Asks: 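Below is one structure. I have some questions about it.
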Protein chains: 4
Amino acid sequence: MKKSDIRTFGIIGGDKRQLFLAKSISDSCYDVLLGGFDRLESHGSLSLCNVKKAISESDALIFPLPSIRTDGSLNTPFSNENILLDGDDIEIILKKPVFTTMKSRFLKAYPRLSDGEIFDYGARDDFAILNALPTAEGAIECAMREYEGTISGSKCLVAGFGRIGKILAHKLVLLGANVTVSARKPSDLAYVKALGYNALNTENLRTVKRFDIAFNTIPKLIFDRELLMNTDTNTLIIDLASLPGGVDFDTAEKLGIYAVRALSLPGKCAPKTAGEIIKTTVFDIIKEVYR
Amino acid sequence: MKKSDIRTFGIIGGDKRQLFLAKSISDSCYDVLLGGFDRLESHGSLSLCNVKKAISESDALIFPLPSIRTDGSLNTPFSNENILLDGDDIEIILKKPVFTTMKSRFLKAYPRLSDGEIFDYGARDDFAILNALPTAEGAIECAMREYEGTISGSKCLVAGFGRIGKILAHKLVLLGANVTVSARKPSDLAYVKALGYNALNTENLRTVKRFDIAFNTIPKLIFDRELLMNTDTNTLIIDLASLPGGVDFDTAEKLGIYAVRALSLPGKCAPKTAGEIIKTTVFDIIKEVYR
Amino acid sequence: MKKSDIRTFGIIGGDKRQLFLAKSISDSCYDVLLGGFDRLESHGSLSLCNVKKAISESDALIFPLPSIRTDGSLNTPFSNENILLDGDDIEIILKKPVFTTMKSRFLKAYPRLSDGEIFDYGARDDFAILNALPTAEGAIECAMREYEGTISGSKCLVAGFGRIGKILAHKLVLLGANVTVSARKPSDLAYVKALGYNALNTENLRTVKRFDIAFNTIPKLIFDRELLMNTDTNTLIIDLASLPGGVDFDTAEKLGIYAVRALSLPGKCAPKTAGEIIKTTVFDIIKEVYR
Amino acid sequence: MKKSDIRTFGIIGGDKRQLFLAKSISDSCYDVLLGGFDRLESHGSLSLCNVKKAISESDALIFPLPSIRTDGSLNTPFSNENILLDGDDIEIILKKPVFTTMKSRFLKAYPRLSDGEIFDYGARDDFAILNALPTAEGAIECAMREYEGTISGSKCLVAGFGRIGKILAHKLVLLGANVTVSARKPSDLAYVKALGYNALNTENLRTVKRFDIAFNTIPKLIFDRELLMNTDTNTLIIDLASLPGGVDFDTAEKLGIYAVRALSLPGKCAPKTAGEIIKTTVFDIIKEVYR
């Protein structure tokens, strides 16, 4: 297969992100078939059809994030039906490149597909990095909504200096916040200082005092009972860590600390950007694989 | 009267802003009496009392924004009662400095008070400028909520380069937006260019094409029928102009352009900052008047 | 005369700025004759000629900044000759629009020209505002050169919040400096706070302590003997005020305070930008006057 | 040895950075002996002495960057003498922790010292990262000095997204430049995009057109003959790569492209910051090693 053999993309299920993905692909002069969006009557100039047709009449298939539900049915929030792939679908899919997420869950539901060409765009590092931008903006939107003062002039703690922490700290400082970043690796701490933030070693994070907002980006229980007991009660905590999360919400509530869980921000806050990121990643895979 | 004679402030009615104002004044080591907040059971260490007591036992009085309702009753959203000042109140108030807003409406309801010392903090230039910051942040929060992409990478138009336009354009560019500012005065257009924004003469604003978000800050009907007919339908319009506003919302709806009215943003989005701004302004007046 | 009658610009004397001005005008598809640059052998595709020819064969004339020397001769640093306008030149010039600076000095030397159309582009507000950008960058270049630390992390005082102070404070804060701005007008002080700088009333500027760099933009003797005696000796002072300047340099030297005078920064540090600003201003005048 | 056993630091040779290092250590309430600075008559309240005394009367020793000259003599630019360590010095040094740079060159000259405790602070990752900030500022100072326009509004290419590229791109964009970053790794390219820069794959860097300034941070010959032949002649090239550098300077000169080599920027442009970074790194080592 060559890059030029792909002319029509079948987009199978998904939410608003996949609609923006479809638009973005279409703007690059490819055809798009949207399958599994039957609750929409129309969507601009894009073709809506049933899943079977989208699978059979396209050259490559894109599944959404998450790709399937726990019962193995396709993730089609814009459809009223519960759609499962049947044997015929599988045979057709096996002949086409498939771009999906949560590959192992997908293959567990449809093991036969492991003989095909399946690319997990959701597992790629560049996908995660690109999504750090809409995540950081979503976190700021959340802070603006929940915090009763302005970000400008506020004192913010960003726990963690990974993908999201890097972009989030950068944006907060530009908005006029006084930003402290906690990190663990000496090289990260050096970057934190070189970029002009206040630096704190996560290991030594025993108290959170005099911060207006604390963002957690570390996928570990950072705000445990002990730390929460040494946190100002008027500090707003925004937890960006994926489940089970980085905050003991029960204890926070008991102590009267307001803590908010902010998950899946790209899809919720910026589906357009999130859809364009899926497109960028899928197209990058195609360029790498089919020269 | 001297500055040092003011030891206790009576805060008469108002919303969350006045509560943060009370907290901020209290943090500066003055006493505060909150009158007209009877729906609150307590508010930290601050004294809640009835309006009569707050008036009689304080050295200076602060009324909120707006100060009174159209029927002449006090603006007390945290009270279940409809409170009017009576003759006794008036006599006591006449002996104390009064800080209020919408002075002419206030004096129309209580003409006798024109013999007293009444300062309209809401009419001051510095009050308006300081509020431009929470207004700009509120506008960005609104844009983040309503726009389906990220601010970073978006194309924004800011119509008007007054107080709000200046701060808003500054924040947007820091968040990574591509910002065009329309202004009218040659000196404003020169500042727009010197600060690195794209410049557009408001006089020549005949079309709004290829913008993701258009913010109007000009208190005139800028987005009239004609301009809206030359605006991309997928441009989000956020109108920050005070009523009657700068957008023909009926026409916008007919044309399928999504337009949002964003008013009173400091009070809604950042009551803490808005309360602190009231304190700063009242204290500045005191410093100017009572040396 | 109409706008379209101007096809060839004669640029009479000046430094590098006028060469970039010539290039910029030429890039807009006008012809340019450069007179008074005889020490250059060539300058790209631009026509070098003597002053007489540049005057007679062009449709409009642009004199530099400063326009003439104190002896009335043209300001032609790129020429070895001392050039004066003679009666013939004057008669020809009278028929053409003239764009110059320091108009009163110019007309004092050549009073006959007061019958012609003379525009002082150097006196315009927009010209001064646009030049605030290269001035601010030049001030930062000066600070980077003279200060032994980095701007990032330094404590800077910007005295004055006029054209230059506004842009300079903005750039410094973006580079990571901790910026304090001193201003006098309440509305300026409000802007200073709304933009997130530390605010100081210039009236109360009695000591300058714990600043690494102090920029003066106020055209008055701010750093007089008294203030210098209350300034840390390791504070670097950069004086941007036009002559006689805002710093008592003799006293500074005696006290061991390092103070630098930074004048005419646009021409020295960014002649390309300065030339483009002259073009923008001259073209704006043409648009205003010849519709 | 314990942390608390170190009370006096001997600073042996070096340039202005070591003087600022001495000041910074002294500000933290340690004693400092400066050896090898005999051309200075005094240096504030710091003690100047000969190298022998600085070695014998201190608890820990800090050598500069570079630590020694090619002939094995100490790097003492502030001394008129050529100083070599003798056997007695060595014996004393062996009993103390030594913080130096270019450890292998140092030990080649004084192999006996390999039995001692020698820490190469110059080889540490955090040292390099912290120095990226003064390097980036120095690069910007260089660009401001050499480029004839303003950084604001200029089009800049930053080749490489390592330590220096990251900070440099960040600063340039804040100053209003339009920034393109070239990188090679997919994750770096994703960060480049997420941070809002234009992205370019270094592999595909075949032409450099329409850039005002190109910064090279990659320690490889990027601007070779071929690329230079496809570079605009009015692009200013600033090479930050350590020797042998990333630009073919001979070819650049022949082609009329102005290229500047900018090396050792922290020491040259910001010795104060560079000295403080040495202190931070040495103190971090002490904290790690002597608990």
Side-chain angles (χ1 to χ4, degrees), chain C residues 15-21 23-24 27 43-44 130-155 167-168 170-177 212-213 233-234 236 256 262 265-277 279-280, chain D residues 15-21 23-24 27 44 130-155 167-168 170-177 212-213 233-236 256 262 265-277 279-280:
Chain C
D15 54 25
K16 269 191 170 183
R17 284 174 283 186
Q18 304 305 98
L19 293 176
F20 281 108
L21 164 66
K23 168 105 179 47
S24 180
D27 286 349
H43 188 64
L130 289 171
N131 273 300
L133 171 65
T135 302
E137 269 207 18
I140 287 170
E141 181 187 334
C142 177
M144 285 180 163
R145 188 175 56 238
E146 303 291 352
Y147 177 55
E148 292 185 301
T150 49
I151 303 300
S152 177
S154 68
K155 284 187 177 293
I167 312 274
L168 179 57
H170 175 82
K171 299 266 172 202
L172 287 170
V173 95
L174 291 178
L175 282 170
D212 296 303
I213 313 173
T233 53
N234 61 358
L236 165 68
L265 293 172
K268 281 181 201 157
C269 298
K272 180 172 181 285
T273 304
E276 289 163 358
I277 289 171
K279 186 209 152 186
T280 299
Chain D
D15 54 27
K16 270 192 167 181
R17 282 174 284 185
Q18 303 307 96
L19 294 175
F20 282 109
L21 163 66
K23 167 110 180 43
S24 181
D27 286 350
L130 289 170
N131 274 300
L133 172 65
T135 302
E137 270 208 17
I140 287 171
E141 180 187 336
C142 177
M144 285 180 162
R145 187 174 58 238
E146 303 291 352
Y147 178 56
E148 292 186 301
T150 48
I151 302 300
S152 177
S154 69
K155 284 187 178 294
I167 312 274
L168 178 56
H170 175 80
K171 299 266 171 200
L172 287 171
V173 95
L174 291 178
L175 282 170
D212 296 305
I213 313 173
T233 52
N234 60 357
T235 299
L236 166 67
L265 293 171
K268 282 180 198 156
C269 299
K272 179 172 183 285
T273 304
E276 289 162 359
I277 289 171
K279 185 208 155 189
T280 300

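By convention in this document, chain letters (A, B, ...) are assigned in the order of the sequence lines, proteins followed by strands, and residues within each chain are numbered from 1. What you see is a predicted model; the values in this text were computed from it and never measured.
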Asks: Looking at every heavy atom in both D:A270 and C:T150, which two are closest together, and how far apart are they?
Replies: CB-CG2, 3.8 Å

Asks: Backbone N or O of D:M144 within a donor-acceptor pair of the C:E137 side chain at under 3.5 Å?
Replies: no

Asks: Please classify the contact of D:F20 with chain C as side chain, backbone, both or neither, using a heavy-atom distance under 4.5 Å.
Replies: side chain

Asks: Does any heavy atom of chain C fall under 4.5 Å from the side chain of D:K268, the backbone, both, or neither of them?
Replies: neither

Asks: Among D:H170, D:E276, D:K16, which residue forms the greatest number of heavy-atom pairs with chain C at distances under 4.5 Å?
Replies: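 Max contact count across the listed options: D:K16.
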
Asks: When rounded to the nearest 0.5 angstrom, what is the spacing between SG in C:C269 and CD in D:E148?
Replies: 11.5 Å

Asks: Shortest non-hydrogen contact from D:S152 to C:K171?
Replies: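 Where D:S152 meets C:K171 most closely, the heavy atoms are CB-NZ, 3.6 Å.
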
Asks: Is there a side-chain contact (heavy atoms from CB on, under 4.5 Å) between C:L175 and D:L174 once you walk through the steps?
Replies: CA-CA 7 Å; C:L175 282 170; D:L174 291 178; 5.9 Å; no

Asks: When rounded to the nearest 0.5 angstrom, what distance separates SG in D:C142 from CZ in C:R145?
Replies: 12.5 Å

